[in-house]
Amino acid sequence: YEEVKKVKKYYIVLSSVTTAQRMSKVLEKNQIRCSMIHTPHKLSAGGCSYSLILDEKSWQKAVLLAEQNRISVKAVYENTGTDEFTKIID
């Protein structure tokens, strides 16, 4: 049996839908694809935060673009397709 390589996804947690939309537009201008979702309950203690999901190649550039555009990132989590999340940036 061939071992299936888990695809890592990166969740960039933002404070609101407005911030997530703004960040999404910045990424789009820089040819970076992302998906926007309500932040999984496991990652946010309630509230209305949203997350952008990015791949392994683009999440670091996305964090840098957020900084350059004065967009506040609450946290970044790594996920390998399971229910396990590892916090990378706090």
Side-chain angles (χ1 to χ4, degrees):
Y1 290 96
E2 216 178 295
E3 190 178 320
V4 178
K5 188 179 178 208
K6 299 267 188 207
V7 177
K8 291 181 183 175
K9 290 181 181 174
Y10 293 83
Y11 287 66
I12 296 180
V13 182
L14 302 153
S15 60
S16 68
V17 68
T18 310
T19 306
Q21 287 169 335
R22 216 173 109 221
M23 181 68 193
S24 183
K25 284 191 179 107
V26 168
L27 296 178
E28 199 177 294
K29 282 182 194 166
N30 288 274
Q31 286 81 46
I32 296 174
R33 294 177 59 144
C34 68
S35 301
M36 185 170 56
I37 62 162
H38 272 287
T39 300
H41 186 70
K42 197 173 196 173
L43 306 184
S44 75
C48 55
S49 72
Y50 274 73
S51 291
L52 297 180
I53 303 173
L54 292 106
D55 63 22
E56 199 166 6
K57 291 183 296 212
S58 55
W59 76 270
Q60 288 172 305
K61 173 125 170 106
V63 170
L64 186 65
L65 286 166
E67 213 172 270
Q68 291 169 352
N69 287 275
R70 293 186 173 87
I71 297 171
S72 176
V73 170
K74 291 178 83 173
V76 178
Y77 291 88
E78 180 185 86
N79 173 265
T80 51
T82 62
D83 215 20
E84 295 299 310
F85 291 88
T86 307
K87 190 178 252 187
I88 299 175
I89 297 176
D90 198 356

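Quick note: numbers below take in every heavy atom, side chains included, and nothing from hydrogens, waters or symmetry partners. For this chain, numbers begin at 1 and follow the sequence in order.
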Mind listing the closest non-hydrogen atom pair of [X] and [Y] along with its distance?
{"X": "Ala62", "Y": "Leu54", "result": "CB-CD2, 3.8 Å"}
{"X": "Ser72", "Y": "Thr19", "result": "O-CG2, 4.5 Å"}
{"X": "Thr80", "Y": "Lys8", "result": "CG2-CG, 3.7 Å"}

Evaluate Val73 against Val13 for side chain to side chain contact (heavy atoms under 4.5 Å, CB included), listing each step before the verdict.
CA-CA 6 Å; Val73 170; Val13 182; 6.0 Å; no

Report yes if some heavy atom in the side chain of [X] is under 4.5 Å from a heavy atom in the side chain of [Y]; otherwise report no.
{"X": "Ile88", "Y": "Trp59", "value": "yes"}
{"X": "Ser58", "Y": "Arg33", "value": "no"}
{"X": "Glu84", "Y": "Asn79", "value": "no"}

Go through the structure and list residues passing salt bridge (charged side-chain N to carboxylate O under 4.0 Å, His left out) with Lys87, not counting sequence neighbours.
Asp90

Would a single hydrophobic cluster contain both [Y] and [X], if residues Ile, Leu, Val, Met, Phe, Trp and Tyr are joined by side-chain heavy-atom contacts under 4.5 Å?
{"X": "Met36", "Y": "Leu43", "result": "no"}
{"X": "Val26", "Y": "Ile53", "result": "no"}
{"X": "Leu52", "Y": "Tyr77", "result": "no"}

Does any donor atom in the side chain of Ser44 or Thr39 lie under 3.5 Å from an acceptor atom in the other side chain?
no

Taking the six-membered ring for Trp, are Tyr11 and Phe85 ring centroids under 6.0 Å apart?
yes

What residues, two or more places apart in sequence or in another chain, satisfy side-chain hydrogen bond (donor to acceptor under 3.5 Å, both in side chains) together with Ser24?
none

To the nearest 0.5 Å, how far apart are [atom1] in [X] and [atom2] in [Y]?
{"X": "Ile89", "Y": "Glu78", "atom1": "CD1", "atom2": "CD", "answer": "11.5 Å"}
{"X": "Ile12", "Y": "Met23", "atom1": "CD1", "atom2": "CE", "answer": "5.0 Å"}
{"X": "Asp55", "Y": "Ser35", "atom1": "CG", "atom2": "OG", "answer": "10.0 Å"}
{"X": "Ile37", "Y": "Ser51", "atom1": "CD1", "atom2": "OG", "answer": "5.5 Å"}
{"X": "Leu27", "Y": "Lys25", "atom1": "CG", "atom2": "NZ", "answer": "12.0 Å"}
{"X": "Lys61", "Y": "Ile32", "atom1": "NZ", "atom2": "CD1", "answer": "5.5 Å"}

Determine yes or no for a side-chain-to-main-chain donor-acceptor pair under 3.5 angstrom, with Arg22 supplying the side chain and Asn69 the backbone.
yes

Exceeds 12 heavy-atom contacts within 6.0 angstrom, atom CD of Glu28:
no

